[in-house]
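Take a look at the structure below.
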Amino acid sequence: PRRVQLTVVDIDKIPYQGNRDLTCAQVIWDLGEEADSSDGPSTAADKRILVFVNEREKADEVAAYLQGKGIDATALSRDTSDRNSDATLAAFTGTSTSAQLAKQQKEDAKKADSGERRLRGVKVLVTTDIASRGIDTTAAKTVILYTVPHTSIDFIHRLGRVGRMGRRGRGIVLVGRGDRKDVVREVREGMFKGMALI
């Protein structure tokens with residue numbers, strides 16, 4: 001956990017005023033612009049961000065909202081077919097075939113020509129616990145917890161997708177009224193003290 005920097009964003013404060021979708025989109029835009037200013041123009045090694053939600057129905061809703069805000073986002077949940085799951089993961093991790101890459105580049109060019117404001121160099125995967133265990137996510141350096149997990153164990157598994165294999169990572173949790181702030185507090189204190197969370 002010491003390799004992961006944890007940030008808590010209060011969605012009830014100005015300018016978000018309780019709008020979790022807007023908060024998530026703004027955090028992603030800020031991360032994308034931060035990467036742009038430090039790395040220069042985007043390269044093939046796009047920034048990868050995992051967004052975790054508690055309910056699988058919410059994964060599609062959040063991905064659609066982020067797409068509407070000019071962010072390259074896809075959803076992955078138990079409702080996603082196996083074939084689509086494999087393609088989604090391959091596109092996110094950068095292990096797509098040349099045919100898949102060509103198709104993606106064509107879609108990206110079409111979106112760029114539409115004149116919409118787009119966040120370049122960032123790929124977002126909105127997912128449930130299906131991606132919190134057993135999936136190679138070393139390409140991701142940032143995890144956003146859209147909703148606070150129900151338990152500290154789920155929190156640690158989701159946060160554990162970054163900071164793996166000696167790498168540094170960043171975790172951002174969106175907290176509002178009605179969220180389990182006790183879980184967030186327990187994880188933050190454990191990370192600060194270097195304690196095991198059981």
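Just so it is clear, the structure is predicted and the values come from calculations on it, not from any experiment. Positions are given from 1, in the same order as the sequence printed here.
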Any side-chain heavy-atom pair from [X] and [Y] closer than 4.5 angstrom?
X	Y	result
L125	L50	yes
V53	T128	yes
F155	V184	yes
N19	I11	no
V173	V148	yes

Exam field: side chain [X] to backbone [Y], donor-acceptor pair closer than 3.5 Å:
X	Y	value
D179	G176	yes
R158	V143	no
N54	H150	no

Could you list the residues that satisfy side chain to side chain contact (heavy atoms under 4.5 Å, CB included) with Q26, not counting sequence neighbours?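 Result, side chain to side chain contact (heavy atoms under 4.5 Å, CB included) vs Q26: Y16, W29, D30.
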
Considering all heavy atoms, the nearest [X]-[Y] contact:
X	Y	result
A73	A63	CB-O, 3.9 Å
K123	D72	NZ-OD2, 3.2 Å
V8	V175	CG1-CG2, 3.6 Å
V126	A59	CG1-O, 3.6 Å
P149	V183	O-CG1, 4.2 Å
A25	I71	O-CD1, 3.9 Å

Around atom NZ of K181, are there more than 12 heavy atoms from other residues, nucleotides or ligands closer than 6.0 Å?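 For K181, atom NZ is crowded (more than 12 foreign heavy atoms under 6.0 Å).
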
If I take atom [atom1] from residue [X] and atom [atom2] from residue [Y], how far apart are they, to the nearest 0.5 angstrom?
X	Y	atom1	atom2	value
L31	I172	CG	CD1	4.5 Å
E33	L119	CD	CG	7.0 Å
T7	I144	OG1	CD1	10.5 Å
K47	I28	NZ	CD1	11.0 Å
L6	L159	CG	CG	6.0 Å
R118	Q67	CZ	CD	8.0 Å

Does T127 form a side chain to side chain contact (heavy atoms under 4.5 Å, CB included) with F52? I'd like the steps, not just the answer. CA-CA 5 Å; T127 186; F52 281 101; 3.6 Å; yes

Would you please name every residue forming a salt bridge (Lys or Arg N to Asp or Glu O under 4.0 Å) with [X], sequence neighbours left out?
X	result
R180	D182
K58	E61
D21	none

Would V27 and I49 satisfy side chain to side chain contact (heavy atoms under 4.5 Å, CB included), going step by step from the backbone distance to the final call? CA-CA 11 Å; V27 166; I49 299 172; over 6 Å; no

With side chain to side chain contact (heavy atoms under 4.5 Å, CB included) as the criterion, how do T142 and V162 come out once you've worked through the C-alpha distance, each side chain's angles and the decisive distance to 0.1 Å? CA-CA 6 Å; T142 305; V162 295; 5.6 Å; no

Quick one, T147 with R20, criterion side chain to side chain contact (heavy atoms under 4.5 Å, CB included). Give me CA distance, side-chain angles, the key distance, then yes/no. CA-CA 9 Å; T147 42; R20 196 174 298 267; 4.2 Å; yes

